[in-house]
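These notes are about the structure you will find just below.
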Amino acid sequence: MRELLLVRYGEIFLKGLNRPVFMRALVKRIKYAVKELGGNVWLNDGRIFVSDFTDTDEAVRKVTKVFGVHSVCPAVEMDKDDFDAICDKAIQMCEGLKGTFKVTARRSDKRYPLDSPAIGKEMGHRILQANNNLTVDVKDPQHVMNVEIRDKCYLYVKVVPAVGGMPVGTNGRATLLLSGGIDSPVAGWMIAKRGVHISAVHFHSYPYTSDRAKEKVLDLARILSESCCGIRVHIVPFTKIQMEIHEKCPEEYTTLIMRRFMMRIAERVAKLENAEALITGESIGQVASQTMTALNTTNMVVEMPVFRPVIGFDKSEIIEVARKIGTLETSSLPYEDCCTVFTPRHPATHPKMDKILEGESKLDMEALIDEAVAGIELMTV
Ligand code: ATP
Ligand code: MG
């Protein structure tokens, strides 16, 4: 007898020709997630199993975070020949349960001496005799004791819901502009949930932004990485660009010109990462650089599509998702961001293109971008 996890995946994605690709990707992602726990992950008969982990609760926690996993059932695997021993184990697993229950039996081994209804009936009877706090309800039970007879017998009663979505890597790659704020980690999470493999770019203006601010961003990437199974974070040295903009461009345009630099550099990184799109945490009207006109002026410097999954969310709605995915606390730490360091007093909300271009003409843009890209520090979390 041994403990293992039975992993359920979102079924609608399993139809048709994509099924094997999806399954292989999901197994790979789960392997990555449980690597440190020494877990063994394998596929058998259309089911994914995880075994040999050192800590069950931690294994469940990690696997339920992997995109593509619908739910996780902590199960026991037993020899199927000794039906009495199987029932005794089922009774033990139902100890402490109260309310209504039923037994659901499945038998893929059709040579097994008892058929599914007979297994359900006999096991249900024995559980009832052993536990006075349970009554049978076959229509809408509070607890389901699952028995699966395959090459072995599997028993499970607990079903832990997981994040859902699709395994990362089954839907291409995108590069996330990751600040230390609340919005961009949420944006990255939402796109990665759809099966997109994400890499991240962070603009760091040392010494105006501290090492702790950088650590905070890496911590955010680590939280996302639990679902995304590894994120390459590109830390871009941004101080020189910000200083040049600050010195040479009209004050009310500094933020927008800076954001146009960010987009251009992020697109360069995305190309190096074989990514096909950029992701930002922008939301219409949230700040001056996110009015429609401002968004258009930053959008037009790149050719790649820019995904902004929180574009129509209120701040409170973004915060709700951040809380759910576990990034809110880290995002709320008070370290400075490069956007806040050189904030103009009156940023342009209806920017004029000729003013932006005039400001940019004072800068050696290509050289500045090349230098920033050459100075990138790359870390995998
Ligand atoms: P967030 O809460 O994600 O920081 P925000 O509301 O503070 O967003 P802005 O500062 O205008 O908004 O930034 C808009 C978007 O630009 C962010 O969501 C993020 O995608 C990107 N961005 C801003 N600052 C940085 C940075 N230092 N490094 C990387 N991307 C950034
Ligand atoms: Mg920000």
Side-chain angles (χ1 to χ4, degrees), residues 174-192 198-206 208-218 220-221 223-224 231-239 241-242 245 254-270 277-292 294-295 297-299 301-302 304 306-311 313-323 325 327-344 347-349 351 372-373 376-377:
T175 296
L176 167 69
L177 285 85
L178 181 62
S179 73
I182 293 172
D183 311 332
S184 47
V186 169
W189 190 90
M190 287 174 74
I191 296 296
I198 58 170
S199 51
V201 187
H202 176 68
F203 299 92
H204 187 54
S205 298
Y206 190 80
Y208 299 98
T209 58
S210 64
D211 280 337
R212 286 197 308 181
K214 182 166 102 183
E215 264 313 308
K216 172 184 172 182
V217 170
L218 291 172
L220 287 170
I223 297 170
L224 295 182
I231 297 180
R232 284 154 61 86
V233 185
H234 303 254
I235 308 281
V236 182
F238 207 49
T239 319
I241 290 176
Q242 284 202 291
I245 295 173
T254 52
T255 305
L256 274 186
I257 293 174
M258 178 198 76
R259 296 212 35 79
R260 284 162 61 92
F261 267 98
M262 286 185 174
M263 297 299 274
R264 292 186 184 102
I265 294 171
E267 190 178 48
R268 285 264 203 113
V269 172
L278 300 176
I279 307 166
T280 76
E282 289 162 313
S283 149
I284 294 180
Q286 196 191 73
V287 287
S289 59
Q290 293 174 32
T291 62
M292 283 260 279
L295 284 172
T297 63
T298 51
N299 202 69
V301 300
V302 291
M304 278 184 189
V306 182
F307 297 152
R308 301 179 175 90
V310 300
I311 193 79
F313 281 29
D314 291 351
K315 192 75 187 187
S316 59
E317 291 168 315
I318 302 174
I319 289 174
E320 211 173 290
V321 183
R323 184 176 292 121
I325 68 175
T327 53
L328 183 63
E329 206 181 317
T330 306
S331 289
S332 306
L333 294 171
Y335 308 130
E336 62 293 330
D337 180 67
C338 71
C339 294
T340 52
V341 176
F342 297 94
T343 312
T349 47
V373 172
I376 284 176
E377 183 189 356

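Indexing begins at 1, ligand by ligand and atom by atom, following the structure's order.
Tested against I279 for a side chain to side chain contact (heavy atoms under 4.5 Å, CB included), the candidates I198, T175, L177, V201 yield a single pass: I198.
Under 4.0 Å from ligand 1, the heavy atoms of V287 that appear belong solely to its side chain. When non-hydrogen atoms are compared, ligand 1 lies under 4.0 Å from the backbone of L178 (N, CA, C, O) but not from its side chain.
Annotation for E329: atom CD does not count as buried by contact number, only 12 or fewer foreign heavy atoms lying within 6.0 Å.
Remark: ligand 1 atoms within the under-4.0 Å shell around heavy atoms of S289 are 11 (O). Atoms of ligand 1 lying under 4.0 Å from at least one heavy atom of V201, given by number and element, are 29 (C). Listed by number with element, the atoms of ligand 1 under 4.0 Å from a non-hydrogen atom of T280 are 20 (O). Near Q286, the atoms of ligand 1 lying under 4.0 angstrom from a non-hydrogen atom of the residue are 5 (P), 6 (O).
Closest to atom 8 (O) of ligand 1 by heavy atom, among D183, V306, L177, is D183. The nearest non-hydrogen atom to atom 16 (O) of ligand 1, considering only E282, M262, R259, comes from R259.
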Evaluation steps, salt bridge (charged side-chain N to carboxylate O under 4.0 Å, His left out), between R259 and E282: CA-CA 12 Å; R259 296 212 35 79; E282 289 162 313; 3.0 Å; yes
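Using a 4.0 angstrom heavy-atom cutoff, H204 does not count as in contact with ligand 1.
Looking only at distances, no side-chain donor or acceptor of S199 sits under 3.5 Å from a matching main-chain atom of R232. Here the side chain of S210 pairs a donor or acceptor atom with the backbone of A213 at under 3.5 angstrom.
On a distance-only criterion, P185 and ligand 1 share no N/O pair closer than 3.5 Å.
Nearest heavy-atom pair across K216 and T330 is CE-O, 3.2 Å.
A donor-acceptor pair shorter than 3.5 Å cannot be found between the side chains of T291 and T349.
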